[in-house]
Asker: 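I am attaching a structure below and will ask some questions about it afterwards.
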Amino acid sequence: MQKIDLNNKTILVTGSPGFIGANLVIRLLKEMSGGTVVSLDNMNDYYDPKLKEYRLSLVEKAAETSPVQHVFIKGSIGDKELVDRLFETYRFDVVVNLAAQAGVRYSIDHPDVYIESNIIGFYNLLEACRHNPVEHLVYASSSSVYGGNKKVPFSTDDKVDHPVSLYAATKKSDELLAHAYSKLYNIPSTGLRFFTVYGPAGRPDMFYYSATQKLVAGKTIQIFNYGDMRRDFTYIDDIVEGVYRVMQGAPEKQTGEDGLPIPPYAVYNIGGGQPENLLDYISTLQEELVRAKVLPEDYDFEDHRELVGMQAGDVPVTYADSEALERDYGFTPKIGIREGLRAFAEWYAEYYK
């Protein structure tokens, strides 16, 4: 593994001020002793742009006391001209691609935005890395690539040839594109398969957040597969810690017997490693919402739950084998759902008061 000292480097983080992107940039602004971090995001309205503006304000606040220069650029990775111009101007050392059209269910009805962002946008970044060599390209994949796999925990050695949503297919395509570019152009790249990320100021389309909003409005929450779902919920701070460590260790460039590069390419899971039953997760969320006074103590939860069947594109169990991450980077996610949901509930109470 090629060690990378991030201090005084020029780093591109796409998808900031998205949920993971904003938290990662804040971490970089705190940790680095100098250098430049460029944030790129199109600030689309897939969910309330006010939340992105709020996260961006947190990033800008962190930048005020940081020795690192922070530059925010509003634009899309689907805009090849913009991407090429940024790479030529800034000569990035490390690129972290977190920009993507997210959401399994949304992809069923809006396929075009997934192709534009997740395929064409990622291709634009790969081309830019090819013509402006970088020390490390780190990019977000997803646990959804495991599709209908029955074997758990999911290992990066498992076959992932049967996606059950277009979103999953685009993420698997990104891994294949990155592998091809690593082989052909010797670009060190690492893909990270994230498992159900949650936390304060997260994505409102994620279950814990949308369920909270429905409960607050007195609406009923639908619990899919009659509650018989298990998820590897991963708290945002654990995800950021994983990404931050991976950025500092790139796959080593090596030449094979054929004289061509052995692809400097890797893929890791980042997941809680502790699959939680969906009903337990919901109960914990409800307890923490009462504790944070988001909901009254006498709230009738049973009256606001509806058990329904499985949804298209969904899978009953996601569960990460994160041993490789522990082996190579000395890190395993550690924050449990009680601590994580408490932080979310307290943030929600503050943000919406």
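For reference, positions follow the sequence shown, starting with 1. Hydrogens, waters and symmetry mates play no part in the numbers below; they use all other heavy atoms, side chains included.
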Asker: Would you please indicate yes or no on a ring centroid separation below 6.0 angstrom for Tyr281 and Phe233?
Answerer: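 They qualify: ring centres under 6.0 Å apart.
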Asker: Going only through I, L, V, M, F, W and Y residues with side-chain contacts under 4.5 Å, is there a path from Ile270 to Val267?
Answerer: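 No, Ile270 does not connect to Val267 through the hydrophobic network.
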Asker: By salt bridge (Lys or Arg N to Asp or Glu O under 4.0 Å), which residues pair with Lys151, not counting sequence neighbours?
Answerer: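 Testing Lys151 for salt bridge (Lys or Arg N to Asp or Glu O under 4.0 Å), a comparison that skips the adjacent residues, returns Asp158.
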Asker: Using ring pair (Phe, Tyr, Trp, His ring centres under 6.0 Å) as the criterion, list what pairs up with Phe19, not counting sequence neighbours.
Answerer: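 So Phe19 forms no ring pair (Phe, Tyr, Trp, His ring centres under 6.0 Å) with any residue.
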Asker: Mind checking what makes ring pair (Phe, Tyr, Trp, His ring centres under 6.0 Å) contact with His304, not counting sequence neighbours?
Answerer: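 Per chain and number, His304 pairs via ring pair (Phe, Tyr, Trp, His ring centres under 6.0 Å) with Tyr299.
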Asker: Mind checking salt bridge (Lys or Arg N to Asp or Glu O under 4.0 Å) for Arg305 and listing every partner two or more places apart, or none if nothing turns up?
Answerer: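 Expected list: Glu302.
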Asker: Does Ile26 reach the side chain of Leu58, with side-chain heavy atoms less than 4.5 Å apart?
Answerer: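 A side-chain contact exists here, since the closest heavy-atom pair is under 4.5 Å.
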Asker: Can a cation-pi geometry be assigned to Lys171 and Phe194, taking NZ or CZ under 6.0 Å from the six-membered ring centre and within 45° of the ring axis?
Answerer: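 No - Lys171 does not lie over the ring of Phe194 by the 6.0 Å and 45° rule.
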Asker: Can you name the residues that form a side-chain contact (heavy atoms from CB on, under 4.5 Å) with Ala343, not counting sequence neighbours?
Answerer: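 Applying side-chain contact (heavy atoms from CB on, under 4.5 Å) to Ala343 gives Pro200, Tyr235.
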Asker: Decide yes or no for Thr212 and Phe207: does some side-chain heavy atom of the first lie under 4.5 Å from some side-chain heavy atom of the second?
Answerer: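 Answer no - side chains too far apart.
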Asker: List the atom of Arg193, the atom of Val160, and the distance in Å for their closest heavy-atom pair.
Answerer: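 Looks like NH2-CG2, 3.8 Å.
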Asker: Sequence neighbours left out, what passes side-chain contact (heavy atoms from CB on, under 4.5 Å) with Glu60? Give chain and number order.
Answerer: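 Partners of Glu60 under the side-chain contact (heavy atoms from CB on, under 4.5 Å) test: Leu56.
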Asker: Can you list the residues that meet the ring pair (Phe, Tyr, Trp, His ring centres under 6.0 Å) rule with Phe195, with sequence neighbours excluded?
Answerer: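 Phe195: no ring pair (Phe, Tyr, Trp, His ring centres under 6.0 Å) contacts found.
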Asker: Donor-acceptor pairs are to be reported for all side-chain atoms of residues 72-84 against protein atoms at under 3.5 Å, with residues two or more places apart or in another chain.
Answerer:
| from | atom 1 | to | atom 2 | distance (Å) |
| --- | --- | --- | --- | --- |
| Ser76 | OG | Gly78 | N | 2.8 |
| Asp79 | OD1 | Glu81 | N | 3.3 |
| Asp79 | OD1 | Leu82 | N | 3.2 |

Asker: Answer yes or no: is there a donor N or O on one side and an acceptor on the other, between the side chain of Tyr265 and the main chain of Glu175, under 3.5 Å?
Answerer: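 Side chain of Tyr265 to backbone of Glu175: a pair is present.
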Asker: Taking the side chain as every heavy atom from C-beta outward, state whether Glu326 and Phe331 have any atom pair closer than 4.5 Å.
Answerer: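 The answer is no; the side chains never approach within 4.5 Å.
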Asker: Can you tell if the side chain of Val138 reaches within under 4.5 Å of the side chain of Val95, non-hydrogen atoms only?
Answerer: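 No, every pair of side-chain atoms sits at 4.5 Å or beyond.
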Asker: Could you pull out the closest heavy-atom pair between Leu278 and Gly227, with the gap in Å?
Answerer: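 Scanning both residues completely, I find the closest heavy atoms to be CB-O, 4.0 Å.
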Asker: Between atom CG of Asp238 and atom OH of Tyr198, what is the distance when rounded to the nearest 0.5 Å?
Answerer: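 If we round to the nearest 0.5 Å, Asp238:CG and Tyr198:OH are 8.0 Å apart.
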Asker: Is it the case that one hydrophobic cluster holds both Tyr185 and Ile262, taking links as side-chain heavy atoms less than 4.5 Å apart, direct or via other members?
Answerer: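 In one cluster: no.
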Asker: Nearest 0.5 angstrom please: Leu29 CG to Ser66 OG, how far?
Answerer: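 Leu29 CG to Ser66 OG: 4.5 Å, rounded to 0.5 Å.
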Asker: Is there side-chain contact between Thr170 and Phe122, with at least one heavy-atom pair below 4.5 Å?
Answerer: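 Contact flag for Thr170/Phe122 side chains = no.
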Asker: Are the side chain of Arg342 and the backbone N or O of Glu288 linked by a donor-acceptor pair below 3.5 Å?
Answerer: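 Here the side-chain-to-backbone pair does not exist.
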Asker: Would Arg203 pass as a cation-pi partner of Tyr47, given that its NZ or CZ must be under 6.0 Å from the six-membered ring centre and within 45 degrees of the axis?
Answerer: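 Verdict for Tyr47: no cation-pi partner in Arg203.
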Asker: Indicate if Ile187 and Val246 have the same hydrophobic cluster label, given that clusters are the connected sets of ILVMFWY residues with side-chain heavy-atom separations under 4.5 angstrom.
Answerer: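 No, because Ile187 and Val246 fall into different hydrophobic clusters, even though each may have its own neighbours under 4.5 Å.
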Asker: Can you name the residues that form a salt bridge (Lys or Arg N to Asp or Glu O under 4.0 Å) with Glu88, not counting sequence neighbours?
Answerer: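 Residues passing salt bridge (Lys or Arg N to Asp or Glu O under 4.0 Å) with Glu88: none at all.
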Asker: Specify the closest pair of heavy atoms between Asp232 and Pro275, including all atoms of both residues, with the distance to one decimal.
Answerer: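 In this case the closest contact between Asp232 and Pro275 is OD1-N, 4.0 Å.
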Asker: Output yes when a side-chain donor or acceptor of Thr89 lies under 3.5 Å from a complementary backbone atom of Arg85, and no otherwise.
Answerer: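 Indeed, once roles are kept as given, a pair shorter than 3.5 Å links the two residues.
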Asker: Looking at Arg55 and Pro17, would you say the former's side chain and the latter's main chain have a donor-acceptor pair under 3.5 Å?
Answerer: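 Between the backbone of Pro17 and the side chain of Arg55 there is a qualifying donor-acceptor contact (under 3.5 Å).
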Asker: Under a 4.5 Å cut-off applied to non-hydrogen side-chain atoms, are Thr156 and Asn269 in contact?
Answerer: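 The answer is yes; the side chains approach within 4.5 Å.
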Asker: What's the separation between atom OH in Tyr46 and atom NZ in Lys52, rounded to the nearest 0.5 Å?
Answerer: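 Result: 9.5 Å between the selected atoms.
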Asker: Parallel, tilted or perpendicular: which describes the rings of Phe92 and Phe87, with under 30° parallel and over 60° perpendicular?
Answerer: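 Perpendicular, since the angle between the ring planes exceeds 60°.
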Asker: Side-chain donor-acceptor pairs under 3.5 Å in residues 249-261, sequence neighbours left out?
Answerer:
| from | atom 1 | to | atom 2 | distance (Å) |
| --- | --- | --- | --- | --- |
| Glu252 | OE1 | Met1 | N | 2.9 |
| Asp258 | OD1 | Leu260 | N | 2.9 |

Asker: Can you check side-chain contact (heavy atoms from CB on, under 4.5 Å) on Ile20 and Ile236, steps first, answer last?
Answerer: CA-CA 7 Å; Ile20 300 172; Ile236 182 63; 3.9 Å; yes
Asker: Taking side chain as C-beta onward, heavy atoms only, is Val145 less than 4.5 Å from Ser141?
Answerer: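 With C-beta onward as the side chain, the pair touches.
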Asker: Give me the ring orientation class for Tyr106 and His110: parallel if the planes are under 30° apart, tilted from 30 to 60°, perpendicular past 60°.
Answerer: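 Answer is parallel, since the angle falls under 30°.
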Asker: Donor-acceptor pair, Arg91 side chain versus Asn132 backbone, under 3.5 Å?
Answerer: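 Pair absent, no side-chain N/O of Arg91 close to backbone of Asn132.
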Asker: Quick one: SG on Cys129 to CG on Asn124, what's the gap to the nearest 0.5 Å?
Answerer: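 Going from the SG atom of Cys129 to the CG atom of Asn124 covers 11.0 Å.
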Asker: In terms of side-chain heavy atoms, does Asp41 have a donor or acceptor partner in Ser16 at a distance below 3.5 Å?
Answerer: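 No, no side-chain donor-acceptor pair sits under 3.5 Å.
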Asker: Show your working on side-chain contact (heavy atoms from CB on, under 4.5 Å) between Tyr181 and Arg130 and close with a plain yes or no.
Answerer: CA-CA 8 Å; Tyr181 270 73; Arg130 168 191 172 188; 4.3 Å; yes
Asker: Under a 4.5 Å side-chain heavy-atom rule over Ile, Leu, Val, Met, Phe, Trp and Tyr, are Ile239 and Val94 clustered together?
Answerer: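 Yes, one cluster joins them.
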Asker: Which atom pair, heavy atoms only, marks the closest approach of Thr10 to Tyr90?
Answerer: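 Taking every non-hydrogen atom into account, CG2-O, 3.6 Å.
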Asker: Could you tell me whether the side chain of Asp280 and the main chain of Glu276 form a donor-acceptor pair under 3.5 Å?
Answerer: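 Between the backbone of Glu276 and the side chain of Asp280 there is no qualifying donor-acceptor contact (under 3.5 Å).
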Asker: Tell me the closest heavy-atom pair linking Tyr209 and Pro204, and the distance in Å.
Answerer: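 Nearest heavy atoms, Tyr209 then Pro204: CG-CA, 3.6 Å.
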Asker: Does Glu297 have more than 12 heavy atoms from other residues, nucleotides or ligands lying within 6.0 Å of its CD?
Answerer: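 12 or below, so no.
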Asker: Please name the pair of heavy atoms, one in Asn7 and one in Glu31, separated by the smallest distance, quoted to 0.1 Å.
Answerer: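 Shortest heavy-atom contact: OD1-O, 3.9 Å.
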Asker: Hey, quick one: are Leu125 and Val25 part of the same hydrophobic cluster, counting side-chain heavy atoms closer than 4.5 Å, chains of contacts allowed?
Answerer: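 The answer is no; the residues belong to distinct hydrophobic clusters.
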Asker: Any chance you could measure Asp161, atom CG, to Asn149, atom CG, to the nearest 0.5 Å?
Answerer: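 Going from CG on Asp161 over to CG on Asn149, the span is 9.0 Å.
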Asker: Between Phe154 and Tyr319 (judged by ring centroids, cut-off 6.0 Å), do the two rings come close enough to count as a pair?
Answerer: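 No, too far apart.
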Asker: Using a strict cut-off of less than 4.0 Å between a Lys/Arg side-chain nitrogen and an Asp/Glu carboxylate oxygen, indicate whether Lys334 and Glu241 qualify as a salt bridge.
Answerer: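 A salt bridge is absent here (no side-chain N lies under 4.0 Å from a carboxylate O).
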Asker: Are the side chains of Ile11 and Leu28 in touch, meaning some heavy atoms are under 4.5 Å apart?
Answerer: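 When only atoms from C-beta onward are counted, Leu28 and Ile11 do touch, with a gap below 4.5 Å.
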Asker: With sequence neighbours excluded, tell me which residues meet side-chain hydrogen bond (donor to acceptor under 3.5 Å, both in side chains) with Ser322.
Answerer: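 Ser322 satisfies side-chain hydrogen bond (donor to acceptor under 3.5 Å, both in side chains) with no residue once adjacent residues are dropped.
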Asker: Going by salt bridge (Lys or Arg N to Asp or Glu O under 4.0 Å), name the residues that satisfy it together with Glu346, two or more places apart in sequence or in a different chain.
Answerer: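 If we apply the salt bridge (Lys or Arg N to Asp or Glu O under 4.0 Å) test to Glu346, skipping adjacent residues, the hits are Arg291.
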Asker: Run the side chain to side chain donor-acceptor pair (under 3.5 Å) check on Asn118 and Tyr167 step by step: do they pass?
Answerer: CA-CA 8 Å; Asn118 302 8; Tyr167 171 66; over 6 Å; no
Asker: How many angstroms lie between atom CD of Glu135 and atom CG of Asp5, to the nearest 0.5 angstrom?
Answerer: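 Answer for the CD-CG pair, Glu135 versus Asp5, is 9.5 Å.
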